[in-house]
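Quick one: the structure is below, and I'll ask about it shortly.
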Amino acid sequence: MSGTLYLIPNTLGEGDAEALDAVLPAPVRARAASLHYYIGENAKTTRAFLKKVGTERPIQEIEIRELNVNTPAGEIDKLLAPLLAGTDAGLVSEAGCPAVADPGALLVRRAHERGVKVVPFVGPSSILLALMASGLNGQSFAFHGYLPVDATERAKRLRDLEQQSRKGKQTQIFIETPYRNRALLDTLLATCAPSTLVCVAVDLTLETETIVSRTVTDWKKKPAIDLHKRPAIFLILAV
């Protein structure tokens, strides 16, 4: 019988064990502490997560393998091999929920193909937390990941997303590299209609958490929030 692939949520930022307690239920932490095979985007950050969890065995005795954007597709089966041999494993992301805007989705898909049981655990998802707190349409929404880096292409993409939002009454959600947050917000305010709702959710679940939801007109009237090098989620709804 094959092992089980557990999808273990992570924190959304730096923090100690107390911060972990605030976002991960006790049964999730207990299961995470019991596993001795892990797959993560980065071995160093995976070990840091396990240190906060408090593992049942020394961390140096836990096998950690990496799965990230640079992992060849042919390596997926090698990562699954211990599970097929009967070992349970934990999949963790750099931050938040595994396999959501995360390369771990490839492993989960292959696990299903090979008949490996997949168990998702409850934990913080920046995408859903931002949607919940935005006041925008939670009945219909779409996540688009990163927008184009080129300014012209980015503005064109935003116009397309605003049109989709207006036509389908659908919330559009996207992210940006933290050091380009301000440029993205500036493009949003210069591109979208005055009545379009824009929500920016920053540092979710952290002490510095900031969530602001306003029309484009109101964003232009009030001082901008500090976005520099802070993880942020952007949402728009054309009304």
Side-chain angles (χ1 to χ4, degrees), residues 1-13 20-21 23-132 140-146 173-175 177 204-205 231 233:
M1 179 181 292
S2 64
T4 298
L5 178 61
Y6 293 99
L7 310 186
I8 310 290
N10 201 343
T11 58
L12 296 178
L20 196 74
D21 290 342
V23 294
L24 292 186
V28 177
R29 300 197 305 274
R31 175 58 67 183
S34 72
L35 300 172
H36 57 268
Y37 175 44
Y38 266 90
I39 302 163
E41 287 185 75
N42 179 280
K44 181 179 179 180
T45 55
T46 299
R47 281 191 290 270
F49 168 74
L50 294 177
K51 184 177 180 180
K52 287 188 289 186
V53 167
T55 55
E56 293 180 359
R57 62 175 63 193
I59 291 178
Q60 59 267 28
E61 295 181 11
I62 297 174
E63 182 179 5
I64 299 174
R65 300 188 190 179
E66 292 187 345
L67 171 60
N68 49 52
V69 294
N70 298 314
T71 302
E75 293 294 311
I76 299 296
D77 279 340
K78 293 181 181 179
L79 295 174
L80 276 178
L83 286 109
L84 295 172
T87 299
D88 292 337
L91 174 66
V92 292
S93 175
E94 281 292 276
C97 295
V100 178
D102 173 69
L106 297 174
L107 182 72
V108 174
R109 183 190 308 172
R110 187 59 174 153
H112 284 297
E113 292 172 352
R114 299 298 300 273
V116 173
K117 183 179 180 180
V118 176
V119 176
F121 278 134
V122 173
S125 164
S126 58
I127 298 167
L128 289 180
L129 289 173
L131 180 62
M132 290 163 59
S140 179
F141 55 92
F143 176 66
H144 301 278
Y146 293 93
I173 308 171
F174 39 91
I175 55 178
T177 302
L204 289 162
T205 75
I233 302 287

>> Between D88 and G3 (side chain of the first, backbone of the second, donor and acceptor by atom type, cut-off under 3.5 Å), is there such a pair?
In response: no

>> Testing the basics here: between S2 and G115, what is the closest heavy-atom pair and its distance to 0.1 Å?
In response: OG-O, 3.9 Å

> If you round to the nearest 0.5 Å, how far is CG of L5 from CG of L91?
Replying inline: 5.5 Å

> Testing I64, L79, I62 for side-chain contact (heavy atoms from CB on, under 4.5 Å) with Y37, which one passes?
Replying inline: L79

>> What's the separation between atom CG in D21 and atom OG1 in T11, rounded to the nearest 0.5 Å?
In response: 11.5 Å

> Do T45 and E94 have side-chain atoms, one donor and one acceptor, less than 3.5 Å apart?
Replying inline: yes

>> So which atom in P9 and which in L24 form the shortest heavy-atom distance, rounded to 0.1 Å?
In response: O-CD1, 3.5 Å

> Which atom names give the shortest non-hydrogen contact between I8 and P98, and what distance separates them?
Replying inline: O-CG, 3.3 Å

> For the side chain of R65 and the backbone of K78, is there at least one donor-acceptor N/O pair under 3.5 Å apart?
Replying inline: yes

> So, do V108 and L7 sit near enough that their side-chain heavy atoms are less than 4.5 Å apart?
Replying inline: yes

> What pair of heavy atoms forms the shortest contact from P124 to N10, and how long is it?
Replying inline: CG-O, 3.3 Å

> Nearest 0.5 Å, what's the CD-OG1 distance between Q60 and T55?
Replying inline: 8.5 Å

>> Before you tell me yes or no, could you show the steps for H36 and E61 under side chain to side chain contact (heavy atoms under 4.5 Å, CB included), namely the whole-Å CA-CA distance, both residues' side-chain angles and the distance that decides it to 0.1 Å?
In response: CA-CA 7 Å; H36 57 268; E61 295 181 11; over 6 Å; no

> Excluding sequence neighbours, so at least two apart, what forms side chain to side chain donor-acceptor pair (under 3.5 Å) with E41?
Replying inline: S93

> Got a donor-acceptor contact below 3.5 angstrom from the Y38 side chain to the A32 backbone?
Replying inline: yes

> Looking at CE of M1 and NZ of K117, how far apart are the two atoms once the value is rounded to the nearest 0.5 Å?
Replying inline: 9.5 Å

>> Please find the pair of heavy atoms, one from I233 and one from S126, that lie closest to each other, and give the distance.
In response: CD1-OG, 3.6 Å

>> Contact between T87 and E63 at the side-chain level, heavy atoms closer than 4.5 Å - yes or no?
In response: no

> About how many Å separate CZ of R109 and CG of L106, when rounded to the nearest 0.5 Å?
Replying inline: 6.0 Å

> If every non-hydrogen atom of E66 is compared with every non-hydrogen atom of T71, which pair is closest and at what distance?
Replying inline: O-OG1, 3.8 Å

> CZ/F141 to CD1/I127 distance, rounded to the nearest 0.5 angstrom?
Replying inline: 9.0 Å

> Who passes side chain to side chain donor-acceptor pair (under 3.5 Å) against R47, sequence neighbours left out?
Replying inline: none

>> With ring-ring contact (aromatic ring centres under 6.0 Å, His included) as the rule and sequence neighbours excluded, what pairs involving residues 74-128 come up?
In response: Y6-F121

